[in-house]
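Report on the structure given below.
Below, chains carry the letters A, B, ... as their sequence lines are ordered, and counting in each starts from 1.
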There are 2 protein chains.
Amino acid sequence: MNSLQQPRHSFKQQMHHAREEAIVAAASRLLGEKGFEAMTVDEVAAAVGIAKASLYKHFAGKDDLCAAAMVHVVERVQRFIAAQPAGLPAMERLRALLRWTIEMQLSDDMPILLSRNSGLAGPLKECEAYQASLQQISAQILGWIGEAQQAGQISPALPPDVVLCALLARSADPLLTMLRDRGTYSDAQILDWAMETCLNGLAARAPQAAAPGAA
Amino acid sequence: MNSLQQPRHSFKQQMHHAREEAIVAAASRLLGEKGFEAMTVDEVAAAVGIAKASLYKHFAGKDDLCAAAMVHVVERVQRFIAAQPAGLPAMERLRALLRWTIEMQLSDDMPILLSRNSGLAGPLKECEAYQASLQQISAQILGWIGEAQQAGQISPALPPDVVLCALLARSADPLLTMLRDRGTYSDAQILDWAMETCLNGLAARAPQAAAPGAA
DNA sequence: GTCTATACAGAGATAGAC
DNA sequence: GTCTATCTCTGTATAGAC
């Protein structure tokens with residue numbers, strides 16, 4: 001009997017987990033699409049296809065739900081980082097990460113961070129799981145930034161955490177939606193320009209005096 | 001009697017206009033501080049010191065009120081542009097405008113445009129006064145951008161309207177609040193870095209001819 | 001035009017049956 | 001754990017006296 005009960009129990013757990021995943025995924029999408037204030041719990045429940053009351057069995061409230069969604073997003077970043085090829089130079093890693101976050105944004109997916117003035121900022125400050133994950137990826141990225149600075153690819157005049165913020169901020173850059181709403185450019189073009197203007201802005205200044213051994 | 005009635009009438013008009021200005025100013029501040037969704041009409045009325053119902057005598061609704069606030073902001077930009085010294089080179093004008101918008105943002109004032117996903121975007125699309133003013137300053141700034149490109153100060157590879165968006169987007173850049181919340185840097189430093197990374201990103205690429213085997 | 005008081009709608013959250 | 005039905009609060013908007 002145990003041989004039957006065990007899988008049964010595991011199955012229920014899996015269902016439970018899968019449903020929570022579905023809820024978080026829907027919340028994540030709506031959060032990215034409409035923002036924290038405009039998103040409603042009813043919409044999330046409807047998107048998943050469950051009743052709102054059922055959702056509240058999984059999450060204590062809207063804040064909790066959205067915090068879980070943000071954790072979910074950061075964990076995706078963690079996986080992306082972990083999936084990077086081993087030998088890649090730091091600058092290429094940064095470039096790939098930037099491209100990926102902008103692509104997320106252009107495909108209406110969840111941005112890594114919130115647009116400014118989000119009411120979610122407060123609750124998120126007290127979510128330890130989020131803070132821990134964010135801290136983890138920040139440390140990782142800061143390491144790459146240091147390497148890129150030593151390699152002369154990023155201006156050493158900029159503090160590493162400023163570079164970090166500048167990169168992450170591109171994932172919620174109003175520039176992307178502005179250009180998109182204009183309707184005259186393709187997503188690929190927008191992506192290129194966004195990356196180009198961002199990276200050029202962080203790059204070490206050009207060798208103005210034809211610096212001898214530079215670059 | 002006319003000599004008395006005329007001033008009396010004008011006085012009332014002035015009062016009316018002044019009150020509307022006060023309402024718009026308060027709305028503008030709260031809109032910049034909390035965003036469209038989080039801001040409430042009650043707060044605006046309380047800030048001005050009038051009853052909510054009185055406010056509704058001046059503006060048809062929240063959308064109207066916020067649209068008026070946005071028009072107010074764009075008109076400030078118009079005045080700033082008009083106040084620029086005559087002989088200033090185009091690039092200096094762009095730099096001054098960028099600095100000004102970032103300073104607005106750092107002093108918790110109203111950004112020129114909304115953070116992405118604002119519910120105000122829809123109503124604003126149908127506000128002719130806003131669109132007209134925005135169009136006017138856009139044309140002006142686009143002129144400067146063209147000059148700066150011809151002068152080799154901004155990359156000619158970037159379409160002028162992309163440059164325009166990139167500049168305006170800095171007024172709602174999450175980078176600013178991120179660095180600010182970090183608490184380790186002064187507003188002056190943040191301003192410098194924000195301008196530097198933005199302008200470097202738009203600048204024409206370094207004279208590669210000077211470096212024969214460059215990159 | 002300004003006020004007080006109120007209607008109305010939407011959304012977060014909960015009760016209780018199954 | 002999931003559902004339907006409901007509570008409650010907040011926020012937009014309005015009615016009606018002055």
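The side chain of Asp42(B) approaches dG11(D) more closely than any other nucleotide in the set dG11(D), dT2(C), dT4(C). Of the candidates dT4(C), dC3(D), dT12(D), the closest approach to any side-chain atom of Ala51(B) belongs to dT4(C). Across dT2(D), dT2(C), dT4(D), the shortest atom-to-atom separation from the side chain of Ala53(A) is found for dT4(D).
Across all strands shown, Met15(B) has no heavy atoms under 4.0 Å from either base or sugar-phosphate atoms. Among the heavy atoms of the strands lying under 4.0 Å from Lys62(B) are primed sugar atoms or P, OP1, OP2 only; no base atom is included.
Salt bridge present: Lys34(B) and Glu43(B) bring a charged side-chain N and a carboxylate O closer than 4.0 Å.
No hydrogens or angles were tested; on distance alone, a donor-acceptor pair under 3.5 Å links the side chain of Lys52(A) to the base of dG12(C).
With a 6.0 Å cutoff to the six-membered ring centre and a 45° limit on the axis angle, Lys125(A) does not count as a cation-pi contact of Tyr130(A).
The nearest whole Å value for the distance from the CG atom in Asp64(B) to the P atom in dT14(D) is 11 Å. Look at CG on Asp63(A): it is 12 Å from C1' on dA13(C), rounded to the nearest Å. Computed from coordinates, the Glu37(A) CD to dT12(D) P distance equals 13 Å when rounded to whole Å. Following rounding to the nearest Å, Ile50(B) (CD1) and dG1(C) (C1') show an atom-to-atom distance of 10 Å. Distance CG (Leu30(A)) to P (dA11(C)): 13 Å, rounded to an integer number of Å. A straight line from CG of Leu120(B) to P of dT12(D) spans 13 Å, rounded to a whole angstrom. Atom P of nucleotide dT4(C) and atom CG of Leu55(B) are separated by 14 Å, given to the nearest angstrom. Taking atom CD on Glu43(A) and atom C1' on dG12(C), their separation rounds to 13 Å, with Å as the unit.
Side-chain nitrogen and oxygen atoms of Ser54(A) include at least one within less than 4.0 Å of the OP1 or OP2 phosphate oxygen of dC3(D). Tyr56(B) has no side-chain polar atom (N or O) that falls below the 4.0 Å cut-off from OP1 or OP2 of dT14(D). Close to dG1(C), at under 4.0 Å from its OP1 or OP2, lies a side-chain N or O of His16(B).
Both Lys57(A) and Phe36(A) lie near DNA chain C, and the one whose nearest nucleotide falls closer to the 5' end is Phe36(A).
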- Task: Check the pair Leu202(B), Ser155(B) against side chain to side chain contact (heavy atoms under 4.5 Å, CB included), reporting the backbone distance first and the verdict last.
- Result: CA-CA 6 Å; Leu202(B) 301 176; Ser155(B) 168; over 6 Å; no
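At a cut-off of 3.5 Å, with distance as the only test, a side-chain donor of Asp161(B) or Tyr185(A) sits close to an acceptor on the other residue.
Across all non-hydrogen atoms, the minimal contact from Val44(A) to Ile23(A) is CG1-O, 4.0 Å.
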